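The next block holds one structure in the form of structure tokens; read it before the comments.
Counting from 1, the numbers follow the sequence of the chain as shown. Both counts, for ligands and for their atoms, begin at 1 and track the order of listing. Because the structure is a prediction, the values reported are computed rather than measured.
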Amino acid sequence: MAEIITMEGGNRLVGQVRVEGAKNACLPIMAAALLCEEQVVLCEIPPLEDVQTMCKVLAALGVQSKFCAADKKLRISAGQLNMNEAPAELVRQMRASFLVIGPLLARTGRARVCLPGGCAIGIRPIDLHLKGLKALGAEVLIGQGFIETTANKLQGQTVYLDFPSVGATETIMMAAALARGVTVIENAAEEPEVVDLARFINSMGGRVIGAGTETVRIYGVSKLYGCEYSVIPDRIEAGTLMVAAAITAGAITIENVIPTHLVPLIAKLRETGCHVLEEDAQVHVSRNSPICAVNLKTLPYPGFPTDLQSPMMALLTLANGRSVITETVFENRFRHVEELRRMGAQIKIEAHCAVVTGRDSLRGTILKATDLRAAAALILAGLAAKGRSQVSQVHHLDRGYWQFTEKLASLGADIRRLSLRQAADDL
Ligand code: EPZ
């Protein structure tokens, strides 16, 4: 049922909140569970929309998964894998479903997956995924809107990635895990979620070396085994909550965090004048001085994460001075700009740069989310704006943030989710 999120801006967010397991680690790891016949038990799994969609993809392949909300454990048994075609409507609904192509090919010798297509933030090609599979000896056929790939036995090879694509690194890693010989990925993505996937494959008895560096070596094995594995905390949810503290001049302790995964954000928040205290598994963020303008450029890890570009932009619309935000990872990730302008933000787009001239305040209004991280950014802006804001299309938010409005409300935000009918009475 369509809902909106409504909020009255102005409250400082104070208190502590716990971050969930990382969506972008769960999804490839769930796909990698196809590599072994035995049951794997995944821990710290957030019951997000995208996780549920991936469970549907696995079910369509004959693989049952059972989620227990009480302990956030997801049990996947791929012994009954009896299909090698991912349902088109699910791949189109969530492009991360495409990640099943590598493990399906490695396990069954064939995979047919529809082209994931573009989305709100860019055309999202898959050429580097296919370059990797071909390098490992697979036949790749590009049909009308789908990819069909076959291989008797994949053979390890060296693959250079023209861009350190997270998804392509993960596809090649999963396909190579059961290939003959050694695969070397050069210019690999170094994101913590790639490292988590490598650790999971190694927990199943695989041999992946060097994940987290630009050169990853995968020594193929003949069989992988069941295991129990806890995914890493979600650095993007953590970063979004850190910006919530900054934009409301609050003081929040965010628990279940790996601070080293957030170095660029911590640095930038400090440059804006926030206090950030890092402890073993948590960070404390507070602000009691005006926001300083800063420049930032999104880059592959360990650079500033593109997924936190829009939340940071919301913060910088209230900074003293001019900030330049350069988006180098995706070609169309400024869809939130139009909505922020409707709140009074002063933002000029020049090619891949957004020039943000800070204002004293934003005004609450009716807003529309265009994608997952834009939804988060508009909510953060609404928390700081004068007056009431309503954000529609909140299904985008549910893809990557579990109980986000509840978490913000527990910190003192005046925020609620309403049905469209209730919303009409709300304004
Ligand atoms: C992952 O997407 C994340 N999604 C994204 O998070 C994240 O923004 C992105 O990595 C970058 O960090 C998941 O992990 C499920 P890429 P992915 O392949 O793998 C180009 C979120 O909000 N490219 O590193 O699709 C591509 O066009 C989502 O949680 C090719 O050219 O990202 C883009 O410009 C959004 N050819 C750049 O690489 C390819 O074959 C980065 O894409 C593949 C990618």
Side-chain angles (χ1 to χ4, degrees), residues 20-32 46 48-51 53-54 57 91 93-102 113 115-135 140 142 147 159-175 185 187-197 214 231-232 234-240 261 264-265 298-311 327-333 335-336 352 369-377 396-402 404:
E20 309 293 339
K23 166 180 86 81
N24 291 346
C26 295
L27 297 177
I29 285 173
M30 289 170 71
L48 297 166
E49 286 296 320
D50 277 7
V51 169
T53 304
M54 187 60 95
V57 173
V91 177
Q93 183 184 329
M94 179 184 72
R95 55 174 286 103
S97 317
F98 188 76
L99 289 170
V100 301
I101 193 167
V113 185
L115 285 168
C119 67
I121 62 177
I123 52 172
R124 312 293 291 273
I126 51 159
D127 57 310
L128 297 176
H129 297 245
L130 303 184
K131 177 180 182 180
L133 296 179
K134 283 180 192 163
V140 174
I142 301 180
I147 301 285
V159 192
Y160 171 78
L161 291 182
D162 306 66
F163 182 90
S165 154
V166 170
T169 303
E170 293 167 344
T171 287
I172 299 165
M173 192 187 285
M174 291 188 277
I185 307 173
N187 197 30
E190 303 176 24
E191 273 71 1
E193 296 76 21
V194 171
V195 177
D196 218 22
L197 174 63
E214 62 185 5
V231 300
I232 54 170
D234 193 319
R235 62 192 168 103
I236 306 302
E237 183 189 14
T240 309
H261 289 172
L265 178 71
T298 68
L299 287 166
Y301 196 90
F304 189 94
T306 173
D307 294 348
L308 288 173
Q309 178 255 106
S310 54
E327 172 57 59
T328 73
V329 177
F330 288 108
E331 68 272 21
N332 185 30
R333 205 168 197 177
R335 301 276 306 271
H336 43 283
H352 289 287
T370 51
D371 60 84
L372 166 56
R373 307 302 173 183
H396 290 296
L397 186 77
D398 297 336
R399 296 191 49 192
Y401 293 94
W402 175 242
F404 195 59

Check: of Leu308, Ile236, Leu197, Thr306, min heavy-atom distance to atom 11 (C) of ligand 1 comes from Thr306

What atoms of ligand 1 come closer than 4.0 angstrom to any heavy atom of Gly167? 18 (O), 19 (O)

For Leu161 and Ser165, which heavy atoms make the closest approach, and how far apart are they? CD1-O, 4.2 Å

Any idea which protein heavy atom is nearest atom 18 (O) of ligand 1, and the distance to it? Ser165 OG, 2.7 Å

Numbered atoms of ligand 1 (with element) below 4.0 Å of His129, judged on heavy atoms: 40 (O)

Looking only at distances, can you tell me whether any N or O atom of Lys23, backbone or side chain, sits closer than 3.5 Å to an N or O atom of ligand 1? yes

Looking at Phe98, Phe330, Tyr301, the heavy atom closest to atom 9 (C) of ligand 1 belongs to Phe330

Would you name the heavy atoms of Leu27 and Ala96 that are closest together and state the gap between them? CD1-CB, 3.8 Å

Please name all residues satisfying salt bridge (charged side-chain N to carboxylate O under 4.0 Å, His left out) with Arg95, sequence neighbours left out, ordered by chain then number. none

Chi angles and distances behind the side-chain hydrogen bond (donor to acceptor under 3.5 Å, both in side chains) call for Gln309, His336: CA-CA 10 Å; Gln309 178 255 106; His336 43 283; 2.9 Å; yes

Which residue holds the protein heavy atom closest to atom 36 (N) of ligand 1, what is that atom called, and what is the gap in Å? Asp127 OD1, 2.7 Å

When you compare ligand 1 with Asp307, is there at least one nitrogen or oxygen pair between them that comes in under 3.5 angstrom? yes

Pair Glu193 + Arg235, salt bridge at N-O below 4.0 Å: yes

Nearest option to atom 27 (O) of ligand 1, as decided by whichever heavy atom of Ala25, Gly122, Pro125, Pro28 sits closest: Pro125

Side chain, backbone, both or neither: the part of Val329 lying under 4.0 Å from ligand 1 by heavy atom: both

Give the numbers and elements of all ligand 1 atoms closer than 4.0 Å to a heavy atom of Arg95. 25 (O)

For ligand 1, indicate whether the residue Val166 contacts it via side chain, backbone, both or neither (heavy-atom separation under 4.0 Å). both

Enumerate the atoms of ligand 1 whose separation from the nearest heavy atom of Arg124 is less than 4.0 angstrom. 2 (O), 17 (P), 25 (O)

Heteroatom proximity flag, Arg373 to ligand 1, N/O under 3.5 Å: yes

Is it the side chain, the backbone, both or neither of Leu372 that has a heavy atom closer than 4.0 Å to ligand 1? side chain

Would you say ligand 1 has an N or O under 3.5 Å from any N or O of Leu128? yes

Atom 3 (C) of ligand 1: closest protein heavy atom, distance to 0.1 Å, is Asn24 ND2, 3.7 Å

When you check the gap from the basic side-chain N to the acidic O, do Arg399 and Asp371 get nearer than 4.0 Å? no

Residue pair Lys23 / Tyr401, side-chain heavy-atom distance below 4.5 Å: no

Answer side chain, backbone, both or neither: which part of Ala168 comes under 4.0 Å from ligand 1, heavy atoms only. neither

Do the non-hydrogen side-chain atoms of Thr169 and Val194 ever get within less than 4.5 Å of each other? yes

Looking only at atom types and distance, does a side-chain atom of Thr306 sit under 3.5 Å from a main-chain N or O of Val329, one as donor and one as acceptor? no

Could you tell me, atom by atom, which parts of ligand 1 come under 4.0 Å of a heavy atom of Arg333? 8 (O), 22 (O), 35 (C)

Closest to atom 38 (O) of ligand 1 among protein heavy atoms sits Phe163 CD2, 3.3 Å

Flag side-chain contact, heavy atom, 4.5 Å: Glu190 against Pro302: yes

Considering non-hydrogen atoms only, spot the tightest contact between Phe98 and Val91 and give its length. N-CG1, 4.4 Å

Quick check on Glu214: does its CD atom have over 12 non-hydrogen neighbours (other residues, nucleotides or ligands) under 6.0 Å away? no

